[in-house]
Amino acid sequence: MKATARAHTNIALIKYWGKRDEQLFLPMNNSISITLDRFYTTTSVTFRDDLQADVFVLDGKELGGDELGKISRFLDLVRRTANYRGFAIVDSLNDVPTAAGFASSASGFAALAAASTKALGFDISNEGLSILARQGSGSASRSIYGGYAEWHKGVRQDGTDSFATQIMPESFWDLSVLSVMVEAKQKKVLSREGMRRTVETSPFYTGWLDSLESDLSSAREAIHTQDFERLGTVLERNAMKMHATTLGAQPPFLYWTGATIDVMQAVQEMRENGILAYFTIDAGPNVKVICQPADEDVVKMRLLQLECVRNIFPCHPGPGIQYLNT
Ligand SMILES: O=C(O)C[C@@](O)(CF)CCOP(=O)(O)OP(=O)(O)O
């Protein structure tokens, strides 16, 4: 039994930052994202009764250890749900240049959720797929959908109400998302550890949570009304607040480098010169700059002038899960 699925990576406009349940990947707050056209993971899953264990091949290389363990634990979820005990060969291809600063865990687990359930002939709703993908990596819950999505934190202990839904499809509103790569120097604190330490020790974390509801409603409205200035303003401030929480953690940490700040300042300078560009930053030094497509070239040119910028990958809203016949 075999199936192949493709899922695209996504960028949070309103961030997921902090879990209320580590085992079930239940978040403290809702988040809103845009799925991107350019970066995706294509995964085929083949369940075979003659296998003695799961096999995981990533970009042509068979992986063992923790990587295989994560995939097997995820497949156990699928096997339990489908009441099936056989093992599988998982073959994944990441069209997400690692250098592009995108965590391929979002597209990876969304593609795996889709391909594995399909291979077992298991009919599942988008919400069900989102709940499954969430248990591989929280942000994967949003990659089930194309365009603009919101992951609802839910209130139930068992997480059956914590899944994403689509706000608007990718065709609704075209935006430019420029992934700006700066040189990565220090070893970063992975987002899972970063959010855990922040939740547990940062006095600024409650301030982050208190300001979320107004950010979320502002972002939702800005998307529905295609109000770019309103969306840009709220997403940039939301990212700043998220990163501010890490400074209060014990021990404190900061994902930004000098290059990150150079890009941030160049974006704010563009706005002072009348070009509507805004930035957001995840768990690393790279910056994603959002602008309107008509301004994409001028924004890209300006950023490429910065000494610290290594590469820029322009993206646009992309599709949700696709099933391929291979
Ligand atoms: O994407 C966002 O909303 C914001 C972040 O990228 C900010 F860094 C966090 C993504 O966390 P993820 O990798 O999904 O964590 P996991 O659930 O521990 O696997």
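Remember, it's a predicted structure, so these values are computed and weren't measured experimentally. Order of appearance sets the numbers: ligands from 1, and atoms from 1 within every ligand.
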Under 3.5 Å, is there a donor on one side chain and an acceptor on the other for [X] and [Y]?
{"X": "Asp158", "Y": "Thr160", "value": "yes"}
{"X": "Ser107", "Y": "Ser104", "value": "no"}
{"X": "Arg142", "Y": "Thr35", "value": "no"}

Short N/O distance, under 3.5 Å, between Arg192 and ligand 1? yes
Regarding ligand 1, does Tyr16 bring an N or O atom to under 3.5 Å of one of the ligand's N or O atoms? yes
Just by modelled atom types, is the Phe172 backbone N or O under 3.5 Å from a matching donor or acceptor in the Gln226 side chain? yes
Quick one: list whatever passes ring-ring contact (aromatic ring centres under 6.0 Å, His included) with Phe74, sequence neighbours left out. Phe109
Examine ligand 1 and decide if any of its atoms is less than 4.0 Å from a heavy atom belonging to Arg134. no
List the steps and the verdict of salt bridge (Lys or Arg N to Asp or Glu O under 4.0 Å) for Asp215 and Lys241. CA-CA 11 Å; Asp215 285 3; Lys241 289 183 283 187; 2.7 Å; yes
Looking at [X], which atoms of ligand 1 are within less than 4.0 Å of one of its heavy atoms?
{"X": "Ala283", "answer": "8 (F)"}
{"X": "Ala12", "answer": "1 (O), 2 (C), 3 (O)"}
{"X": "Met195", "answer": "9 (C), 11 (O), 15 (O)"}
{"X": "Phe25", "answer": "17 (O)"}

Any idea which of [options] brings a heavy atom closest to [atom]?
{"atom": "atom 12 (P) of ligand 1", "options": "Ser31, Ser137, Gly18", "value": "Ser137"}
{"atom": "atom 1 (O) of ligand 1", "options": "Lys19, Gln135, Arg142", "value": "Arg142"}
{"atom": "atom 5 (C) of ligand 1", "options": "Asp282, Leu26, Thr246", "value": "Asp282"}
{"atom": "atom 13 (O) of ligand 1", "options": "Gly138, Ala106, Ser191", "value": "Ser191"}

Option passing side chain to side chain donor-acceptor pair (under 3.5 Å) with Thr41 (candidates Asn94, Thr9, Asp59): Asn94
Can a cation-pi geometry be assigned to Lys118 and Tyr323, taking NZ or CZ under 6.0 Å from the six-membered ring centre and within 45° of the ring axis? yes
